[in-house]
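Fair warning: this is a prediction, and the values are worked out from it, not measured in the lab. Every chain is numbered from 1, with letters handed out A, B, ... down the list of sequences.
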Amino acid sequence: MTVTDERPTVEVAEHQRLVTLKIRRYDPEVGPEATWQEFQVPVEKGDRLLDALHHVKWYIDGSLSFRRSCAHGVCGSDAMRINGVNRLSCKVLVKDLGEVITIEPIKGLTVLKDLIVDMDPFFEAFKSIKPFLITNGNAPTRERLQSAEDRARFDDSTKCIMCAACTTSCPVFWNDEAYFGPQAIVMAHRFIFDSRDEGADERLEILNEKEGVWRCRTTFNCTDACPRGIQVTKAIQEVKRALIFRKV
Amino acid sequence: MAKAPAGTLYRGREGMWSWVAHRVTGVLIFFFLFAHVLDTALVRVSPDSYDRVINTYKTPIVNLMELGLTGAVLYHALNGLRIMAIDFWEKGPRYQRQMTWAILAVFVVVMVPGAYFMLEHTVRTMFGSAT
């Protein structure tokens, strides 16, 4: 693929303006190397970046590939690197991004095509911390009760939508895919600090491994990247302290 | 995926750059210690050659390197305190950004007069003085 810079005259209505999307494209069937391609897109005041990407895909170049599902910041499909930082394209407004917007796939995972990456290592890390309720003994005949305070203890980490924005913003993860990454640790945090769960020790031991929490260098990129506002680094630090003091 | 043309640099904030600087200063200090252990060990071989080696350090360039070493150690030490606060102080992660600017402020306050006193002799020797 060659870098094309075709700029056909784009019709811009009065309530619209033109922005340039500079997208990092890669298609293994076209060529072995990624290239930058620019598109001129008319946008409206309230448009999200996802709307601009849709415009490219629907009206300019149907081969552009990216993931998205709900388009409202809930499903966590469209994490990408926008102007250098990880964001959900459905949650950022074009008006906040300037005239030229660079869009790249999230870092550290293998790019399959354009903005789509192989999420398998990410989900493997998630699975390895046992993201399900672990209890001993017989199940109660009624629901497992929990006080409001106990629920509040892990409220922040329940907000995760598994978009991978945090994990792929982490410099440690970029260099070592084996690192569990912020997302898996947040998910472990959600169960470790849940008063109904009894698998805390098990999960802490998993995170005590070489590729576990101790690889975290507190760069806070994950906290900045999280579209749900989770204090990711804080959660990781709480897991570290739970390991040091053996107290949940 | 093949390389080139390169992607952009990740636009991290204070947390990421303070970590990068911590790494860089750490490596610089390591190389200093490496040379330092060697030249200090020389005194056991022969005090005379030790004196001769130390004498070669008395140049303006080494003086500048000394200033750089002081800066590297100071930054590494201050940021180390910040990291400990993030690790062990419950509210550390919330105030990490403010702490970064606080240690940079301390860094400037110490380094400005520090640079003056460290370089004074060299500047006077090189450019002369009225006294």
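Around atom CH2 of B:Trp89, more than 12 heavy atoms belonging to other residues, nucleotides or ligands sit under 6.0 Å away.
The aromatic rings of A:Trp174 and B:Tyr10 lie tilted to each other, with the angle between the two planes from 30° to 60°.
For chain B, the nearby parts of A:Ser169 are the backbone and the side chain; heavy atoms of each come within less than 4.5 Å. Contacts of B:Leu9 with chain A are made by backbone atoms alone, with heavy-atom separations under 4.5 Å and no side-chain atom involved. At a 4.5 Å heavy-atom cutoff, the contact between A:Arg217 and chain B is made by backbone and side-chain atoms alike.
Taking all atoms of both residues into account, the shortest heavy-atom contact from A:Lys240 to B:Asp87 is NZ-OD1, 4.2 Å. Scanning all heavy atoms of the two residues, the minimum distance from B:Glu90 to A:Lys234 falls at O-CE, 4.4 Å.
A donor-acceptor pair is defined here as one N or O able to donate and one able to accept, closer than 3.5 Å; no such pair exists between the side chain of A:Glu104 and the backbone of B:Gly7. Remark: side-chain polar atoms of B:Arg13 are not paired, donor with acceptor, to backbone N or O of A:Asn221 under 3.5 angstrom.
Note: B:Glu14 CD to A:Asp224 CG = 9.5 Å, rounded to the nearest 0.5 Å. Atom CZ of B:Phe88 sits about 4.0 Å away from atom CD1 of A:Ile244, to the nearest 0.5 Å.
Between chain B and the residues A:Thr102, A:Asn86, A:Thr233, the largest count of heavy-atom pairs under 4.5 Å involves A:Asn86.
At least one side-chain heavy atom of A:Phe220 sits less than 4.5 Å from a side-chain heavy atom of B:Ile86. Looking only at side-chain heavy atoms (C-beta outward), A:Arg81 and B:Thr8 come within less than 4.5 Å of each other.
Checked by atom type, the side-chain pair B:Gln96/A:Thr218 shows no donor-acceptor distance below 3.5 Å.
Using a 4.5 Å cut-off between non-hydrogen atoms, no part of residues 27-56 of chain B approaches chain A.
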